[in-house]
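The next block holds one structure in the form of structure tokens; read it before the comments.
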Amino acid sequence: MNYPNKLPDVGTTIFAIMSKMAQDNDAINLSQGFPDFQTSERLINLVHKHMLNGANQYAAMPGHIKLRERISEKTESLYGVYYNPESEVTVTSGATEALFVAISAVTEPGDEIIIFEPAYDSYKPVIDLNGGICVPVRLEAPEFKIDWNHVEEKISNKTKAVIFNTPHNPTGSIWSEMDLQRLAEIAEAHNLWVISDEVYEHIIFDDEEHQSAMLIESLKERSFIISSFGKTYHNTGWKVGYCVAPEALSKSFRKIHQFVCFSTHTPSQMAFADFLQFKNEYLDLPRFYQRRRNKFLELIKDSKFEFSASKGTYFQLLSYGHMDERDDKTYAEYLTKEYKIASIPISVFYSDAYDPKMLRFCFAKSDETLVKAANILCRI
């Protein structure tokens, strides 16, 4: 039989591979990006309360209106930008679903979509599924800054959209105000749509400000902006995210969303709506994770690894090229099996397998886990 295979070059994700390798080798897992500490007990109790009160059937397709109203209020409070909760806010089953829908909404066969590499691994497969052509712009180690002249060189009459991510997974870099302005100018000049992956918007360090696509009006009007409750509230397994976009873009988004999952877990939506009133839960997040970043870096300062402090997300890159000549996949496997610590090789986020000999480690872990991990890294 001729079995269907729409993504012939795609195998199991590196996250699943490294997590399984960590489990098989009884290694500390700093590869996959999820916390090893509990979400808020108050939030758990709110979910339970709404389940007991009967909120167990489908929510409205765009999301429970109470949650959409709270998202709108939060966005206006933080950024001074209003999105209509009825027509411009959509709750999704995680940010990954939102990315799938937004990319699908703008991509026709033959369209070129610009991404910045190293890029989160779900972008390219969705572009491919929609018949688009992925056009990567390489961010060079160790700074991973954007060369905007190079971006403009990549634009053709087939370019349809740009996908960007700040704070950036996997590098921990952040966009500057100048970066946002340059994107706005280019998007307007070439009539491009923008998909802004902002799932780590609250995890940004050293008193830097998050540069959201909604902050420039001309960019806001052509952007899908995607965020994640899972990243913010330490419950990635709940898979609740959202997308804000102008009404016309939201209409296109919802046409696809309704056939991907229709709606998202109702009691979780209602609990998040209640929980958003506790603003310090997300306003304190930069301090919460900066303390973990600082602790991790202090613990490994005497190791042989080289690094620049992460500016956002809960990931830290460590460079090993001066220590070992092996490619990063081989080296990550070696550390997992021989030293019992798992990480993510950065080359997997580049379409051409560019290897800056850096590994990504997640520091969204308990102090106990970070101490154990650092002790291993200092022995290598």
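What's counted below: heavy atoms across the whole structure, side chains too, no hydrogens, waters or symmetry copies. Numbers for residues simply follow the sequence, beginning at 1.
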Establish, from distance only, whether the side-chain atoms of [X] and [Y] form a donor-acceptor pair under 3.5 Å.
X	Y	answer
Glu117	Ser351	yes
Asn29	Ser19	yes
Thr107	Asn130	no
Glu112	Ser156	yes
Arg254	Thr90	yes

Does [X] reach the main-chain N or O of [Y] with its side chain, forming a donor-acceptor pair under 3.5 Å?
X	Y	result
Thr92	Ala95	no
His322	Lys304	yes
Ser31	Ala342	no
His210	Tyr200	no
Asp328	Asp355	no
Tyr79	Ser212	no
Thr264	Ser93	yes
Ser223	Ile225	no
Asp367	Thr369	no
Glu88	Glu247	yes

Pro85 versus Arg68, closest heavy-atom pair with distance: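 Heavy atoms only, the tightest pair is O-NH1, 2.9 Å.
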Which atoms form the tightest heavy-atom contact between Pro356 and Ile346, and what is the distance?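 Between these two residues, the closest heavy atoms are CG-CG2, 4.2 Å.
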Should the pair [X] and [Y] be assigned to parallel (<30°), tilted (30 to 60°) or perpendicular (>60°) ring geometry?
X	Y	answer
Phe253	His257	parallel
Phe272	Tyr233	parallel
Phe205	Phe363	tilted
Tyr289	Phe37	tilted

Option among Tyr242, Tyr282, Phe275 that satisfies the ring-ring contact (aromatic ring centres under 6.0 Å, His included) test with Phe229: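 The option that passes is Tyr242.
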Applying the ring-ring contact (aromatic ring centres under 6.0 Å, His included) criterion to Phe164, which one of Tyr123, Trp175, Tyr120 satisfies it?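 Considering Tyr123, Trp175, Tyr120, a ring-ring contact (aromatic ring centres under 6.0 Å, His included) with Phe164 is found only for Trp175.
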Could you tell me whether [X] and [Y] make a salt bridge, using a distance below 4.0 angstrom between a side-chain N and a carboxylate O?
X	Y	answer
Lys329	Asp327	no
Arg291	Asp284	no
Glu281	Lys279	no
Glu73	Arg70	yes

Check whether any side-chain heavy atom of [X] lies under 4.5 Å from a side-chain heavy atom of [Y], and answer yes or no.
X	Y	value
Lys295	Val371	yes
Val91	Val240	yes
Lys372	Asn375	no

same_hphob_cluster([X], [Y]) at 4.5 Å side-chain heavy-atom cutoff:
X	Y	result
Tyr82	Val89	no
Met214	Ile204	no
Phe34	Leu99	no

Which one of Glu201, Glu198, His202 satisfies the side-chain hydrogen bond (donor to acceptor under 3.5 Å, both in side chains) criterion with Ser227?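 Only match with Ser227 under side-chain hydrogen bond (donor to acceptor under 3.5 Å, both in side chains): Glu201.
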Working to the nearest 0.5 angstrom, can you tell me the gap between Ile28 CD1 and Ser343 OG? 12.0 Å
Once rounded to the nearest 0.5 Å, what's the spacing between atom CD1 of Ile380 and atom CG of Leu335? 4.5 Å
Name all pairs fulfilling the salt bridge (Lys or Arg N to Asp or Glu O under 4.0 Å) condition that reach into residues 48-60, sequence neighbours left out, sorted by first residue then second. Lys49-Asp274
Residue pairs fulfilling salt bridge (Lys or Arg N to Asp or Glu O under 4.0 Å) with at least one residue in residues 162-186, sequence neighbours excluded: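 Qualifying pairs: Glu152-Arg182, Arg182-Glu185.
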side-chain contact (heavy atoms from CB on, under 4.5 Å) for Arg138 and Phe116? Distances and angles first, verdict last. CA-CA 6 Å; Arg138 183 194 287 183; Phe116 298 96; over 6 Å; no
Evaluate the criterion side-chain contact (heavy atoms from CB on, under 4.5 Å) for residue pair Leu67 and Ile71; output intermediate values, then yes/no. CA-CA 6 Å; Leu67 178 56; Ile71 291 169; 3.9 Å; yes
Under the side-chain contact (heavy atoms from CB on, under 4.5 Å) criterion, do Ile344 and Phe15 qualify, and how do the steps go? CA-CA 7 Å; Ile344 295 290; Phe15 308 109; 3.9 Å; yes
Would one find more than 12 heavy atoms of other residues, nucleotides or ligands at under 6.0 Å from atom NZ of Lys239?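 Counting neighbours around NZ of Lys239, more than 12 heavy atoms of other residues, nucleotides or ligands fall under 6.0 Å, so yes.
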Ring-face cation of Arg326 near Tyr334 (centre distance under 6.0 Å, axis angle within 45°): yes
Cation-pi check, Lys301 onto Phe296 ring (under 6.0 Å, within 45° of axis):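 Judged by the rule, Lys301 and Phe296 form no cation-pi pair.
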With side-chain contact (heavy atoms from CB on, under 4.5 Å) as the criterion, how do His190 and Thr159 come out once you've worked through the C-alpha distance, each side chain's angles and the decisive distance to 0.1 Å? CA-CA 8 Å; His190 297 279; Thr159 307; over 6 Å; no
